[in-house]
Amino acid sequence: MAVILPIIQFEDKIIEIVEQNSIVVVIGETGSGKSTQLSQILHRRGYTKSGIIAVTQPRRVAAVSVSRRVAQELGVRLGEEVGYAIRFEDRTSEKTCIKYLTDGVLLRESLSNPELNQYSVIILDEAHERSLNTDILLGLMKRLVKLRTSNLKVLITSATLDGGKVSRFFSNCPVLTVPGKLFPVEILYSSERPTSYLESALKASLDIHIREPAGDILIFMTGQDDIEKLVSKLEDGVQSLEEGSCMDAIILPLHGSLPPEMQANIEIRVFSPAPPNCRRFIVATNIAETSLTVDGVVYVIDSGYVKQRQYNPSTGMYSLDIVQISRILFNCYFPDSRVQADQRAGRAGRTCPGKCYRLYPSIFYREEFSDVTVPEIQRSSLAGSVLYLKSLDVPDIDILKFDFLDPPSRESLEDALRQLYLIDAIDENGVITKVGRTMAELPLEPSLSRTLLEANECGCLSQALTVAAMLSAETTLLHTRSKVTEKKRKHPQDLPNGSGWGDHIQLLQIYESWDQVNYDPRWCSDNNLQVRGMLFTKDVRKQLSQIMQKSAKGSMDVQTIIKRKERQKDYKNLRRALSAGYAGQLAERMTHHNGYRTLGFKQQLVQVHPSSVLQADEEDGRFPDYVVYHELISTSRPFMRNVCSVEMSWVMPILDKLEKLDINKLSGGTSIPEDRLKGEELAVDLQKNEADAVKATDDRDSRIQAARDRFLARKTNK
DNA sequence: GAGCACTGC
């Protein structure tokens, strides 16, 4: 029978606190059973009589697997009393009283039902991960419990370190701590910072292999590059050990962009226990922190770094930075399933304690690591979130004063407002427009949803649907070119090239070609495209078509070749629609060379990314005078990724708009009605928000800069 | 002439 989870002993206490309070923070360590048990406890005590219990998860797989387990424990069929809802898949029915869903789905639901009346309890699980969506939900819950004081309970589960902070955010709501079943972990620090953390990780793993008893080793590295290097060094290292001196070794890379056939293979090998007398070395990115749980891990080697994508609102540019991990992440390294796996296996009645080798001194950990990761909301472009909040049918949401747990910087919010204004989602006073409302219904970045609406007017909706869907899946489309796949590739790329107009057109043509072969998966692999990425595109396109159904002015079918011949060859309508959607992502070529300057709030010198299929003029070798871009990414230099050629006559009205833009009017928006908040409280809140925001920006910038400096110094040293 | 951690509607 099932093991009794610690949380069960707290049932009476939980119910007592929940009955007296609308909001409760539950701090449950890994292994406490909070994700599966809280909903069942509240169900047992009658909370499903007046509505459904919703439990949000940051990831799709978690929503599915946890609901499956709860259904099993309650002895019901999944999709009946217990169900889940994730994008593309709703497995709930009229009977459903416990519903697991991704936080993104709950946000969508509150668009059409802002009071979320169907729910009697909302549990925000894994809130410590601080996903963008969770942060927005935290703010929404704060106002929702005031609106529905009598009939809504909100529970927020978090890990140890920031429980107090969440409680303060919710006017010092009670905090309930439930112990977990963490296995004791011995932490070992290096005596000094390594000159090369790759070499240091190599040495540490071989030491473990030689000296320590059986148990797999999980090594956290920052990216594919380092993982491949370490894997090959480990292979050499293990081979050079004396035959029979220690057990066999299997070395496995684990990261998000492994080619699917290899990943399938590895998944089986990662998730099944190692064969006897054999130790596994799993060299992984942070995919192993949360998304995948590797069974059998006893030793963890922690480089202390992680790669993070950051958005800089003052330049509109993304960068991929190597930053220090936060202390809180450590808790994720030893998930409960490892302990359970050890117990099940029995290991001759002996459990061995975990060991974590940190490749840095303890003083470094104590003094330089921050408690928590910079929340996503402070390192993303907020155009989509701001549009979402503005479209919610609540009168008192003023975006610059919205109550966030960690407010984004004013700069970031203003950047979002400018973007939204340029694409007509809000008017010059910052009020959402009719266009903006329609855009918010589409599960797309604002630039792409605006493109769809414009395309509908231009008679090229079907093409725009394809482009938007392809861009939604873009990161999973192409095989990354590691040295291994490079060698294996037999045929040269034989894909359409966008006819010179750029990358959006190429993406369109690729999908149309796939349509021509009836979505044959082999066509994808033959052309070096990830099958799952293309299938995802197909799902997204279908979902977008369904949403556009009621307003569509033309066919939404993928174009056939015959139809295509009849159409203009210059994709003029589609490119015009793109220029409307990307009005805030526009660049003008420099007179004497092929560099561009962006035409936004702050002008940047940028170049077309070398991977682009945009073609230069055959005669003068020049790129088009004007392009729109999907994103700016700063790597070795600032680049525009995914560009599309546009006409000067379409650009002029945008430039006019840019000139008229007045950020003071835009951010004015609506003010908070007096009865909602007393004057003094408001002033204090605003001051606090402002100070928090300034501090957050400073903290973030200095932290990123310091980490980057240290990392670069180390790289050059070796 | 470059390179990309991980999620999600």
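Order of the sequence lines fixes the chain letters, A, B, ..., with proteins taken first and strands second; residue numbering starts at 1 for each chain.
In the displayed structure, A:E618 atom CD is contacted under 6.0 Å by at most 12 heavy atoms of other residues, nucleotides or ligands.
Residue A:S131 places no side-chain N or O under 4.0 Å from the OP1 or OP2 atom of B:dG8. Within the 4.0 Å cut-off from OP1 or OP2 of B:dT7, not a single side-chain nitrogen or oxygen of A:T102 is found. Between A:R60 and B:dC9 there is a side-chain polar atom (N or O) within less than 4.0 angstrom of OP1 or OP2. An OP1 or OP2 oxygen of B:dA5 is reached within less than 4.0 angstrom by a side-chain nitrogen or oxygen of A:Q224. Note on A:R637: a side-chain N or O is less than 4.0 Å away from OP1 or OP2 of B:dA2.
Rounded to an integer number of Å, the gap from A:R309 CZ to B:dG8 P is 16 Å. Here the P atom of nucleotide B:dA5 and the NE2 atom of A:H255 are 8 Å apart, to the nearest Å. Between A:N642 atom CG and B:dA2 atom P there is a gap of 17 Å when expressed in whole angstrom units. Rounded to whole angstrom, the span from the CG atom of A:L254 across to the P atom of B:dA5 amounts to 13 Å. What separates CD of A:E129 from C1' of B:dA5 is a distance of 14 Å, to the nearest Å. The CD1-P distance, from A:I136 to B:dG8, rounds to 16 Å in whole Å. Per the geometry, OH belonging to A:Y388 stands 13 Å off P belonging to B:dC9, to the nearest Å. A:D90 places its CG atom 14 Å from the C1' atom of B:dC9, with the value rounded to the nearest Å.
Among B:dA2, B:dA5, B:dC9, the nucleotide with an atom closest to any side-chain atom of A:P610 is B:dA2. When distances are taken from the side chain of A:V105 to each of B:dC4, B:dC9, B:dT7, the shortest belongs to B:dC9. In the set B:dC9, B:dA5, B:dT7, B:dC9 carries the atom at the smallest distance from any side-chain atom of A:R87.
Residue A:I86 is in sugar-phosphate contact alone, with no base atom involved, counting any heavy-atom pair closer than 4.0 Å across all strands shown. In this structure, A:F639 reaches the sugar-phosphate backbone alone: every heavy-atom distance under 4.0 Å involves primed, P, OP1 or OP2 atoms, never a base. Residue contacts shown for A:S636 are limited to sugar-phosphate atoms, with no base heavy atom under 4.0 Å away.
The ring pair (Phe, Tyr, Trp, His ring centres under 6.0 Å) search around A:Y388 returns none, not counting sequence neighbours. Under the ring pair (Phe, Tyr, Trp, His ring centres under 6.0 Å) criterion, A:Y582 pairs with A:H504, A:H630, not counting sequence neighbours.
With 3.5 Å as the limit, one finds a donor-acceptor pair spanning the side chains of A:S319 and A:D321. A:T466 and A:R541 are linked by a side-chain donor-acceptor pair at a separation below 3.5 angstrom, with hydrogens and angles left out of the test.
With the nearest nucleotide of DNA chain B identified for both A:K307 and A:Q543, A:K307 has the one nearer the 5' end. Of the two residues near DNA chain B, A:P443 and A:L320, the one whose nearest nucleotide lies more 5' is A:L320.
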